[in-house]
Amino acid sequence: MKKLKFIDRMAQGKVSRRQMLQSAGAFGVGALMLPKLADAAGVLTCLEWGGYDDPKYYESYLKRYGQKPNFSIFAGEEDALAKVLAGFKADVMHPCNYSVSRFVNAGLAVPIDTSRLSNWKDLFPSLQTAQGVVIKDQIMMAPADWGNAAIAYRPDLIDDKFKADPSWSIFYDEAYKNKVSMVDDPVAITIGAMVGGMSYDEAYLLNGDALKKATDNWGKRAVDVSRILWADPTDAEQAMAAGEIVAAYSWNGLVKDLHDQGIKVAYAHPKEGYFTWFCGLTLLDSGKADPAQAYDFIDAWLSPDTGKALIAQGYGHSNIKSFSVANPADVAAMGITDPVKMMEQSIVFKSTPDDVQVAQNKAWGDVKALKL
Amino acid sequence: MAGYGLLSPALLIMVAMLALPIAALVLLSFWRQSGYTLDTTLTGANYARIFGLSDSPTVWMGIPFYLAYPVPVILLIKSLMMSLTATVTVIPLAYPMAYFIAFRVRSGKSIWILLLTIPFWTSYLLRVFAWKIMLGYTGAINSGLMALGIIHHPLDALLYNSGAVTVVLAHSWVSFAVLPIYVSLEKIDRSLLEAASDLGDTRWQRFRRITLPLSMPGVIAAALMVFIPTVGDYVTPTLIGGSGGSMVGNLIQDLFMKRNNAPMGAAVAIVMMAVIALIALLFVWLTGYHKMRARRR
């Protein structure tokens, strides 16, 4: 009997995760692990950050296919990774330079054939060959948007001490308890260790006893001091608009949004350094749509029109032409428009090895759980 | 056999939608996560990890936990305490409502019961968000108190802690508690109440000696109906609790998603289920539910 055979093989550990999920799915049991089933073949499915599903970022795709892709929104790359590992089928994912290796190591990503991307030739050459874009001599991510992580603050509400000497230390200082918002990510431990005097190159690799020590000290402080740990930038944005918090870990877009609402807000570059990230599109092996669609979607993200929309939000773009079509005032507001210069002046986020990332996720999750 | 025939549709659904998933969860909890794949050799390592002892205690709320990995147990205890508080709050709120409908409303009882269900006409998510508007920094309570001049700065303590979660849980589950209490009050033989009055009981004595004991089965059912589902709640602490108000459900979600350790998540879920079942059984046994039921026949 087939059924008995299956149980037999399962007991011997000969059933792969995928087979198990398929069988479980047949009974509806897998539903728990498949938060949303991918729609019928044909429509592109994209794993995307909140807010980046806005049609202004893929206009040419929309024009050509007449409908939006199916989006599945994630709060962090680790969430998206877990979802794909559990059997979620997606064609495209939006990782960043420091996280793309997680998908590659898990065997979920497919190399990109850049000859199928009409905009590839116009990208900054430095980004075309950057670490994270190229992994083991293959293009694994088409770089699209780049920006910073620094501190957004309300100059009308924060004290002069911070304004005179901006520092990440406010996220770990009892004096700012319930007045600030850190991001809900293990990077809170890394930055804490940097406040404690460690260099980024040492801090992002924290593991074992050193990680435990840093978590017990800096991680715990970050959790205690923050009013909320934001998973979606709009959470921090709303709290900041209301004056509930006076400072937050933030990307460029939040500052622009609040400014447009007429709220006084500034972007500080703390003395410990501020960060640069660059993100892009990666092809996944589980997609059901025609790969041509996926390439068109990625190409749309690399187009100068998308760059213009991103620059209007305060972010950078990978296409050199974007900066000539964008609104000159927006370009001027950016300050640095060359990604290479930006990366020289700031700390570029680096990808942590798998075992370190897992250990840091766990440490951060546990220290959050034990807050009273 | 005819009985099983009648039961079979429900039984099929129960097996397919409840028994099988739970069996899958139990199986999953005996596997292990290794990197990106599942190690399907059967092992009790996840349970050993939850209950593994250590010589150096982790102190939480002044209580030392002699566990190597105390997070699941501490969060489970915290969740149980929060649910218990919500349950203890809900019963005195629900009882007068049920009493009113059972004894005071003469006509149009169905309208009153319909009114009770109005909260369910909107999504649970919306009701939780509504509480965010009430308790928020610029919310109704804070701006009201500021307008009255009682406080000068908005209160931080209203939102993002376990107190806020408990309040919202209590509010959300009151309506569920009213119905079983109402049913047991409605079933009380009115002639017993008349007899008590005839024999000289005051209204208070009559309530204490006749009404309350006879409505206890409803109260117990209501308590279980509130307690059991709230322990594992995930949505409310996520939206209202911040990091200070997280419950065991949040840990399970985190284990399944961000930490990519589904077997450990399954093990914590199974432990939670077992503990809730034990507490429920203990509660039913201690309150003598069976004796109560027998007395009513």
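Below, chains carry the letters A, B, ... as their sequence lines are ordered, and counting in each starts from 1.
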Discussion item. Can you tell me how far apart NZ (A:Lys362) and CG (B:Asn261) are? Round to the nearest 0.5 Å.
Written reply: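 A:Lys362 NZ to B:Asn261 CG: 9.5 Å, rounded to 0.5 Å.
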
Worksheet item: Taking atom CG of B:Asn142 and atom CD of A:Glu244, what is their separation to the nearest 0.5 Å?
Response: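 It is 9.0 Å, given to the nearest 0.5 Å.
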
Practice prompt. Please list, chain by chain and in numerical order, all residues satisfying ring pair (Phe, Tyr, Trp, His ring centres under 6.0 Å) with B:Phe65, sequence neighbours excluded.
Written response: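 Testing B:Phe65 for ring pair (Phe, Tyr, Trp, His ring centres under 6.0 Å), a comparison that skips the adjacent residues, returns none.
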
Counting only heavy atoms not in [X], do more than 12 sit closer than 6.0 Å to its [atom1] atom?
X: A:Lys213; atom1: NZ; result: no
X: A:Asp355; atom1: CG; result: yes
X: A:Lys371; atom1: NZ; result: yes
X: B:Arg127; atom1: CZ; result: yes

Discussion item. Could you report the tightest heavy-atom contact between A:Ala369 and B:Leu75, atom names first, then the distance?
Written reply: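 For A:Ala369 versus B:Leu75, the nearest heavy atoms are O-CD2, 3.4 Å.
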
Check whether [X] gets within reach of chain B through its side chain, its backbone, both or neither, counting any heavy atom under 4.5 Å.
X: A:Val223; result: both
X: A:Leu370; result: both
X: A:Asn105; result: both

Discussion item. Per the salt bridge (Lys or Arg N to Asp or Glu O under 4.0 Å) rule, what does the pair list look like for residues 249-275 of chain B, sequence neighbours excluded?
Written reply: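 Every pair satisfying salt bridge (Lys or Arg N to Asp or Glu O under 4.0 Å) with a residue in residues 249-275 of chain B: A:Asp366-B:Arg259, B:Asp254-B:Arg259.
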
Worksheet item: Can you find a pair of side-chain heavy atoms, one from B:Gln33 and one from A:Leu85, that are under 4.5 Å apart?
Response: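 B:Gln33 vs A:Leu85: side chains apart.
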
Discussion item. Whether the side chain of B:Tyr36 engages the backbone of A:Phe103 through a donor-acceptor N/O pair (distance < 3.5 Å, no angle test) should be reported.
Written reply: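 No.
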
Discussion item. Using side chain to side chain contact (heavy atoms under 4.5 Å, CB included), reason through B:Tyr137 and A:Gln238 one step at a time and then give a plain yes or no.
Written reply: CA-CA 11 Å; B:Tyr137 187 77; A:Gln238 284 168 4; over 6 Å; no

Worksheet item: Among A:Asp354, A:Leu229, A:Asp224, A:Leu81, which residue forms the greatest number of heavy-atom pairs with chain B at distances under 4.5 Å?
Response: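 Ranked by contacts with chain B, first place is A:Asp354.
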
Discussion item. Which one wins on heavy-atom pair count under 4.5 Å against chain B: A:Glu78, A:Glu77, A:Arg227?
Written reply: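 Of the candidates given, the most pairs with chain B belong to A:Arg227.
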
Worksheet entry | Under 4.5 Å from a heavy atom of chain A, the part of B:Ile22 involved |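 It is neither, since no heavy atom gets under 4.5 Å.
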
